[in-house]
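Reading through the structure tokens given below for one structure.
Letters A, B, ... are given to chains in the order of the sequence lines, protein chains preceding strands, and every chain is numbered from 1.
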Amino acid sequence: MESLRGRGRRRGGARIAESCRDLPMLIKHRLEQRIRAALERVLGAVDPGGPVLERPADPVHGEYASSAALRLARTAGLPPRGLAERILAALELPLGEITAEVAGPGFLNFRLSPTLLAGQLRALLADPKGCAVSPVAHPERILVEFVSANPNGPLHVGHGRGAAYGDSLAALLAAVGHHVEREYYLNDAGRQMDILTLSVWLRYLEELGVRIVLPQSAYRGDYVGDLARGLVGRHGRRFSRPLPEVGEESDPDRQVDAWVAAARAALGEKDYRKVFDEALEAMREEISEDLASFGVRFDRWTSERELRSAGVIESLLDRLRARHAVYENEGALWLQATAYGDEKDRVLVRSAGTYTYFTPDLAYHVEKADRGYDRFIDVFGADHHGYAPRLHAGLQALGIEPPERLEVVLVQFVTLWRGGERARMSTRAGDFVTLRQLREEVGRDAARFFYVLRSHPQPLDFDLDLAVRQSPDNPVYYVQYAHTRVCGLLRKAGVDTLEVQGLERLTEDAERRLLVRLAAYAETLHEAAAQRAPHILAQYLRDLAGEFHNWYAHTPVLDAEDGLRVPRLALAAGVGTVLRHGLALIGVSAPERM
RNA sequence: GCGCCUGUAGCUCAAACGGAUAGAGCAUCGGCCUUCUAAGCCGGUGGUUGCAGGUUCGAGUCCUGCCAGGCGCGCCA
């Protein structure tokens with residue numbers, strides 16, 4: 001956990017602080033340290049055996065609570081409440097800022113003073129761009145690799161979840177002070193690309209009037225036909241050849257490989273490469289456009305093909321051989337993955353001489369490690385979970401330490417429902433709803449918010465009919481509307497710069513709840529980033545919007561009684577600032593009017 | 001068969017290394033627009049947290065065993 005920089009604001013201070021990184025935004029951590037210190041004074045060095053500080057569900061228990069006395073009562077040989085009293089006596093609280101009391105069976109409850117809350121809001125308003133979020137104590141260079149869908153078909157709604165998750169995660173990590181890069185690994189060299197090339201060529205022949213039968217493993221989505229028609233448009237009959245004769249194979253994989261070989265022979269290397277390149281380029285562009293209009297941009301697209309031609313695979317194999325981590329068996333080259341925690345040894349070079357999917361991917365991860373990141377996070381679909389131990393094994397075999405530098409996050413599947421029925425999603429069969437269709441139907445904001453509202457290890461049911469039909473009821477509008485209302489208030493008030501005095505007078509229950517919620521924003525971001533869980537942020541924003549709507553509906557702002565207008569405007573401005581900041585992190589717009 | 005993930009209101013989901021009365025949205029029922037945007041607010045109904053044990057002051061959360069679903073277990077990617 002990060003430690004706080006700088007000292008806390010003293011009570012009653014009207015001055016606006018120093019620089020934003022010195023602001024005491026993480027009250028929680030500051031309080032936590034004091035409690036630990038008090039525990040040590042009372043009991044000596046002990047393991048608190050659990051969290052020292054929690055957030056009680058019920059506001060009557062204060063803003064923070066500690067259950068440490070309950071847990072430590074036995075080892076201390078004291079009744080819980082008695083121990084809590086002693087801890088309380090030993091606690092050096094910032095006087096006038098936080099009050100504490102013993103409650104219930106032995107909880108310590110903490111309440112933030114209006115002065116402290118006012119200071120938090122002041123700090124927030126002084127830093128609208130960064131929301132006064134103090135950075136982590138140890139910023140890391142982090143690479144987040146996500147989506148990385150094979151360029152052999154359009155992105156579908158499953159990829160959309162990975163895109164929304166990965167982008168939001170990267171934004172969160174950056175917001176708490178890490179140096180973050182977003183990367184897409186483009187599998188543009190593998191067997192799947194050959195199969196796409198074959199599929200496009202066969203469709204192309206069909207466009208020219210040849211009767212064809214697609215091999216079982218070929219791609220058959222509509223987009224393949226689009227690619228084929230593009231070829232016809234640009235190149236006419238340039239790729240026209242007699243349909244090759246390919247013998248029957250019982251194994252679909254071998255069958256399609258035979259077809260690929262036949263297509264390559266028929267077209268010749270140059271024309272084969274041309275079809276390949278055009279299909280690849282068209283897919284790459286489509287993917288990148290889809291992502292861009294989904295609000296997702298990558299700092300880097302790493303091409304497998306370029307990695308290969310740079311010789312990374314050969315040097316990977318050399319390094320593995322030098323470390324005696326590979327062996328030959330039945331004509332194939334195997335990684336001794338079982339020696340590094342994997343369930344099975346893994347083939348790197350097939351007996352046919354080609355590489356498996358794993359080999360260039362491992363080389364890619366080695367290249368990432370060589371680039372010097374402190375951490376690289378892979379966002380994978382849940383179907384890849386068996387793949388993580390393999391990558392870890394490969395890196396360990398190379399002596400790349402520590403193992404936790406590679407973090408694999410698994411995002412569960414999206415099940416799509418349409419007309420009350422599950423829609424199957426298979427790239428190969430071309431039977432899927434694309435990310436583009438989703439965006440066009442439900443809109444980018446709603447789609448991104450919906451995706452990220454659910455925790456990523458949880459399978460997601462995406463009901464298209466519902467998402468379309470209920471779009472005005474979608475939670476994203478609820479949050480956006482709160483922002484709109486803030487903008488309306490400030491617009492009507494006609495103020496550019498807000499005075500930040502008198503904030504201590506915001507003492508209504510609803511105002512206090514909002515102040516507390518705003519003060520917790522920074523620690524919420526830290527929590528969400530540390531847990532790799534953007535949904536924590538999304539849920540926070542929804543809660544904040546809810547508390548704001550409630551307050552707004554019952555509290556006059558522009559016509560507030562004596563002297564409350566300015567503080568209330570400031571409070572609204574604080575809400576607007578956090579909503580804008582938080583929505584930006586999850587790629588959702590914050591409109592000024594709706 | 002083995003491994004990973006999941007099981008919470010009618011539906012979709014929250015619940016921060018175990019904490020106080022398990023919360024939202026949708027749906028449903030009833031109120032609130034001459035007053036800062038009703039894409040809103042207030043209230044009601046709705047729960048044996050899959051089942052059975054265990055650990056302890058305390059379990060949706062941890063352990064064991066069942067049940068149900070998803071995914072994986074390839075010289076596919």
Once pairs are restricted to Watson-Crick or G-U wobble with both distances under 3.5 Å, how does RNA chain B read as a dot-bracket string, [ ] for crossings and | for other-strand pairs? (((((((..((((.....[...)))).(((((.......))))).....(((((..]....))))))))))))....

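Using a cutoff of 4.0 Å between basic side-chain nitrogens and carboxylate oxygens, Arg308(A) and Glu304(A) are scored as salt-bridged. Salt-bridge check for Arg532(A) with Glu407(A): passed, with a basic side-chain N closer than 4.0 Å to an acidic carboxylate O.
Within the 4.0 Å cut-off from OP1 or OP2 of rA38(B), at least one side-chain nitrogen or oxygen of Arg485(A) is found. Taking 4.0 angstrom as the limit, Thr415(A) places none of its side-chain polar atoms (N or O) nearer than this to OP1 or OP2 of rG70(B). Contact annotation: Asn550(A) does not reach the phosphate of rG40(B) (side-chain N/O to OP1 or OP2, under 4.0 Å). Close to rC41(B), at under 4.0 Å from its OP1 or OP2, lies a side-chain N or O of Tyr478(A).
Within the nucleic acid shown, Gln531(A) comes within 4.0 Å of sugar-phosphate atoms alone, with no base atom in reach, counting heavy atoms only.
Residue Val157(A) comes nearest to Val414(A) through the heavy atom pair O-CG2, 3.9 Å, listed as atom of the first residue, atom of the second, then distance.
The ring pair (Phe, Tyr, Trp, His ring centres under 6.0 Å) test applied to His456(A) returns Tyr165(A), not counting sequence neighbours.
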Give me the distances for all protein-to-nucleotides 6-8 of chain B N/O pairs that come in under 3.5 Å?
from	atom 1	to	atom 2	distance (Å)
rU6(B)	O3'	Gln458(A)	OE1	3.4

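Side-chain atoms of His384(A) and base atoms of rG72(B) include no donor and acceptor less than 3.5 Å apart.
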